[in-house]
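Taking it in order: structure first as structure tokens, then the write-up.
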Amino acid sequence: MIQINLNDTECAFQYKSNRILARDYWIFNLMHYNRLVNAGLRISSILIQNKLSLPVILGVKPTVFSLFCGGTSLEKSINKIEHLKNYGVGTILDYGVEAKDRDEDFDKTAQAIIDAILFASSHPSIKIVSSKFTSLIPFPILEKIHSGHELNIEESERFDKCKKRIFKITELAFQNKISLFVDAEESWIQNGLDDLTLELMRKYNKDFPIVYNTFQLYLKNRLGVLEDMIAIAEKEGFILGAKLVRGAYMEKEEDYARAKGIENPIQISKENTDRDYDKAICNVLNHINNVAVCIASHNEESTMYSTKVAAELQIENNHPHLCFSQLLGMSDHISFNMAKAGYRVYKYMPYGPVREVLPYLIRRAQENTSVSDQMGRELQLHQIEMKRRKLLVL
Ligand SMILES: Cc1cc2nc3c(=O)[nH]c(=O)nc-3n(C[C@H](O)[C@H](O)[C@H](O)COP(=O)(O)OP(=O)(O)OC[C@H]3O[C@@H](n4cnc5c(N)ncnc54)[C@H](O)[C@@H]3O)c2cc1C
């Protein structure tokens, strides 16, 4: 059995040339030690809104965009997809468009997902396409469904139209055996997404996990919901697709709860989130015949814990119901060392015009400016590899 060594930076960064390694080292350096990149991206956003896109393209595209995104289109992402494939790492395509509310935008997003599925079907290292249902369904409708209120006639008709688009997308994914990840967003729209993904799984996940719902374990109630869904999948005989994440909307959740005067749905501590994340890993791996899981995390302990539990349960490293995923440009030490050990690993690859993915890049910059261990870690790992390659002497 191959030992996993997450400290092996040679393996982690073997896919980066000296030039790219040095560039990324400086990008992480700038992001970590000052707010220049963060501020630069915000200015870029304003420039783009004022149709001044050339300076943005010149500044952002060869730097942060190139680090965190595949390309400005599917075709322009091919080189990166092929490059990752050479090191045993697959790709999850993520059309980088954020929530919209007009029907023509929903049509556009649906078409982009369809294009991604067709593109994936002719590239063997792309087995998964990611989606955000808030780019396909109006947010107020999802909010109303979540709160248990009935939709009026107009809303019902609109929702039916959205569902038709989603079923068309999923049917295509099913025919091409490409999985569709449904991202989790705000907790106050989640019930509708749970119902819809269950409906899709009942139809399309009978023999193969096409649809994956996302479980945010920073929410106090999500472990329970996951357990209920595992029971439903076992009883009804379909495969539950489960992407496990901790959750990315902590501040927004807190603000919302405060504004509404309701209990904050987020766990009271990081330890509680970690505890539920571990329990979720344990639960899904114990039901591996009925659950297909993606451990979507940059946390080293969670990753190693998953491998330990899987080994105890004699689940082989490349089991078709087990995979790991990290964002492109982050936690390469996990992705590439896990791939080397024979696990199925995918990089989450956003793509699309620079102006469309700017909100995503701003979020990455914010994370990297924070003082959290995880972000300092990217810089530190690049530094170790720079020194190993003798590109840095200090
Ligand atoms: C491939 C991929 C797909 C993703 N998809 C989604 C998605 O669909 N929806 C989504 O919301 N996020 C998604 N994320 C982001 C994810 O939820 C996390 O924000 C991010 O990965 C950091 O968590 P971590 O597991 O990597 O590890 P860590 O760095 O160990 O954990 C950080 C996380 O712990 C939680 N946390 C931190 N402090 C506290 C506290 N005081 N109390 C309680 N909890 C706390 C927060 O969730 C925080 O993000 C995705 C991440 C990846 C890698």
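Numbering of ligands and ligand atoms starts at 1, following listing order. Predicted model, so just to flag it, every value in this text is computed and none were measured. Position 1 is the first residue of the sequence; numbering continues from there.
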Close approach of E185 to ligand 1, heavy atoms, under 4.0 angstrom: no

Taking heavy atoms and a distance under 4.0 Å, where does N299 meet ligand 1: side chain, backbone, both or neither? both

Looking at L327, V182, T303, L217, the heavy atom closest to atom 52 (C) of ligand 1 belongs to L327

N/O separation below 3.5 Å, I266 to ligand 1: no

Please check whether A248 reaches ligand 1 - meaning an N/O of the residue sits under 3.5 Å from an N/O of the ligand, judged on distance alone. yes

At under 4.0 Å between heavy atoms, which part of S269 makes contact with ligand 1: side chain, backbone, both or neither? backbone

Side chain to side chain contact (heavy atoms under 4.5 Å, CB included) with L328: of T91, L84, L67, only one passes, and it is L84

May I ask you to check if ligand 1 and G247 share an N or O to N or O distance below 3.5 Å? yes

Decide whether an N or O pair under 3.5 Å exists between S325 and ligand 1. no

Ion pair present between D274 and K270, side-chain N to carboxylate O less than 4.0 angstrom? yes

Does atom CD of E10 have more than 12 heavy-atom neighbours, drawn from other residues, nucleotides or ligands, at distances under 6.0 Å? no

Specify whether H83 and Y87 have parallel, tilted or perpendicular ring planes, treating 30° as the upper limit for parallel and 60° as the lower limit for perpendicular. perpendicular

State plainly whether the residues E157 and K161 are in salt-bridge range, i.e. N to O under 4.0 Å. no

Think K76 forms a cation-pi with Y351, using NZ or CZ under 6.0 Å from the six-ring centre and within 45 degrees of its axis? no

Out of K243, K270, M349, K132, who is nearest to atom 35 (C) of ligand 1 when you count heavy atoms only? K270

Write down the atom of A257, the atom of N264, and the distance for their closest heavy-atom approach. CB-CA, 3.7 Å

Is it the side chain (CB and beyond), the backbone, both or neither of R246 that lies under 4.0 Å from ligand 1, heavy atoms counted? both

If you take the nearest heavy atom of each of M250, E186, K347, which one is closest to atom 45 (C) of ligand 1? M250

For T273, take its heavy atoms, then give the atoms of ligand 1 lying under 4.0 Å from any of them. 43 (C), 44 (N), 45 (C)

Is there a nitrogen or oxygen of S297 sitting under 3.5 Å from a nitrogen or oxygen of ligand 1? yes

Please indicate whether I153 has more than 12 foreign heavy atoms, meaning atoms of other residues, nucleotides or ligands, lying under 6.0 Å from its CD1. no

Using non-hydrogen atoms of the residue, decide whether S302 is closer than 4.0 angstrom to ligand 1. no

Counting heavy atoms under 4.0 Å, the part of D183 that contacts ligand 1 is both

Return a yes/no value for Y348: is any of its N or O atoms, backbone included, closer than 3.5 angstrom to an N or O of ligand 1? no

Does the side chain of S335 pick up a donor-acceptor pair with the side chain of Q326 at under 3.5 Å? yes

Numbering as shown, the atoms of ligand 1 that approach Q267 to under 4.0 Å (heavy-atom distance): 42 (N), 43 (C)

Does D194 come within less than 4.0 Å of R222, counting only side-chain N to carboxylate O? yes

In terms of atom number and element, which parts of ligand 1 are under 4.0 angstrom from non-hydrogen atoms of Q216? 10 (C), 11 (O)

For the residue pair H382 / K16, report whether a side-chain donor-acceptor contact shorter than 3.5 Å exists. yes

Taking 4.0 angstrom as the limit and counting only heavy atoms of A184, give me the atoms of ligand 1 inside it, by number and element. 7 (C), 8 (O), 9 (N), 10 (C), 11 (O)

Residue part near ligand 1, for Y249, under 4.0 Å between non-hydrogen atoms: side chain

Counting only nitrogen or oxygen atoms and a 3.5 angstrom limit, does H298 reach ligand 1? yes

So does R246 pair up with D276, basic N to acidic O under 4.0 Å? no

Is it true that the NZ or CZ of R165 lies under 6.0 Å from the centre of F106's six-membered ring and within 45 degrees of the ring axis? no

